[in-house]
Amino acid sequence: MEKKKVAIPLVCHGHSRPVVDLFYSPVTPDGYFLISASKDTNPMLRNGETGDWIGTFQGHKGAVWSCCLDRNALRAASASADFSAKVWDALTGDELHSFEHKHIVRACAFSEDTHLLLTGGMEKILRVYDMNRPDAAPRELDKSPGSVRTAAWLHSDQTILSSCTDMGGVRLWDVRTGKNVQTLETKASVTSAEVSQDGRFITTADGSSVKFWDANHFGLVKSYDMPCNVESASLEPKSGSKFVAGGEDLWVHVFDFFTGEEIACNKGHHGPVHCVRFAPCGESYASGSEDGTIRIWQLSPANADDNEVANANGKTTAGVNEVTTKIEGFHIPKEGQTEG
């Protein structure tokens with residue numbers, strides 16, 4: 001009988017509390033990048049391919065619930081329980097703007113053209129900030145029916161989607177009018193909503209199921225019941241033939257998009273999986289967990305003998321040539337410096 005190949009992930013340490021959100025940049029001239037949000041207050045930037053740490057964005061005073069990069073990976077944004085959303089220079093780590101809110105901010109997203117930042121949270125208000133006029137008051141969409149959990153742009157920044165913490169459904173908003181124009185119905189609260197790289201699908205996780213919606217006509221394309229309660233799901237961006245999901249059982253599951261059959265099950269996290277995201281090339285995907293680690297998995301694992309990405313301690317082995325140009329000038333935090 002053929003020996004089953006075991007996936008050996010890159011293990012990315014650094015966060016001291018649960019990792020609750022992950023975001024990959026598109027491929028840039030400098031490669032692609034991964035930003036992570038954690039309850040430890042400090043978003044972190046990494047080389048998306050190797051997992052190597054590049055820098056930490058320091059300034060929040062509460063848990064960071066959401067993070068993102070603009071399409072050029074030149075700016076980062078984060079949404080926090082300290083009632084603020086911050087925009088950062090992703091080259092230096094400097095804080096560029098801090099947008100104050102009246103309650104916890106749970107979601108943030110840069111528009112595709114990078115000129116706008118969308119935020120949402122416990123205030124039940126979706127706000128759009130103009131990055132060219134950061135001191136101007138934000139535009140507010142019609143009031144959300146519940147606390148905003150996720151938010152994203154689609155249709156070349158003409159539409160916004162959002163989900164709520166305390167009710168089911170994904171709401172679609174017309175950016176021009178600020179009105180809710182459609183709701184994709186789900187039984188439970190949607191904890192993860194992702195627009196596919198080609199703009200064709202919206203992938204949602206609502207606990208017991210993962211659903212795929214037509215992003216243009218909004219019909220339900222696929223719906224699969226999950227083996228456990230899942231918090232996050234992501235569609236492979238190149239062929240769209242596989243998707244990953246993670247949740248309460250501590251495992252990262254890989255499924256066939258067309259049949260829903262489980263292809264692989266990756267074990268390694270020591271706490272529930274809060275977020276999973278595919279890298280832009282589709283060859284790997286990352287998972288973030290209650291255990292404070294990020295793990296980067298290859299979609300088709302090599303034989304254990306060939307896979308030298310992790311040493312005996314499970315820590316990444318980094319070559320000098322892998323360090324990207326983005327590390328130049330980034331603030332390195334002082335040893336032992338922590339924030340409550």
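Only heavy atoms go into these numbers, but all of them, side chains included; no hydrogens, no water, no symmetry mates.
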Which pair of heavy atoms, one from [X] and one from [Y], lies closest together, and at what distance?
X    : Y    : value
V19  : T293 : CG2-O, 4.0 Å
F33  : A73  : CD1-CB, 3.8 Å
A205 : V230 : CB-CG2, 4.2 Å
N229 : S208 : OD1-N, 3.7 Å
A286 : Y24  : CB-OH, 3.3 Å
C67  : A37  : SG-N, 3.4 Å

* **Exam field: side chain T28 to backbone N72, donor-acceptor pair closer than 3.5 Å** =>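 Pair absent, no side-chain N/O of T28 close to backbone of N72.
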* Asked: How many angstroms lie between atom CD of E123 and atom NE2 of H101, to the nearest 0.5 angstrom?
  ->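 It comes to 6.5 Å.
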Would you call [X] and [Y] a side-chain contact if the rule is heavy atoms closer than 4.5 Å?
X    : Y    : result
L22  : I35  : no
I202 : L154 : yes
P145 : R171 : yes

Taking the inter-plane angle between the rings of [X] and [Y] on a 0 to 90° scale, is it parallel (under 30°), tilted (30 to 60°) or perpendicular (over 60°)?
X    : Y    : answer
W88  : F57  : tilted
H155 : F218 : tilted
F212 : F257 : perpendicular

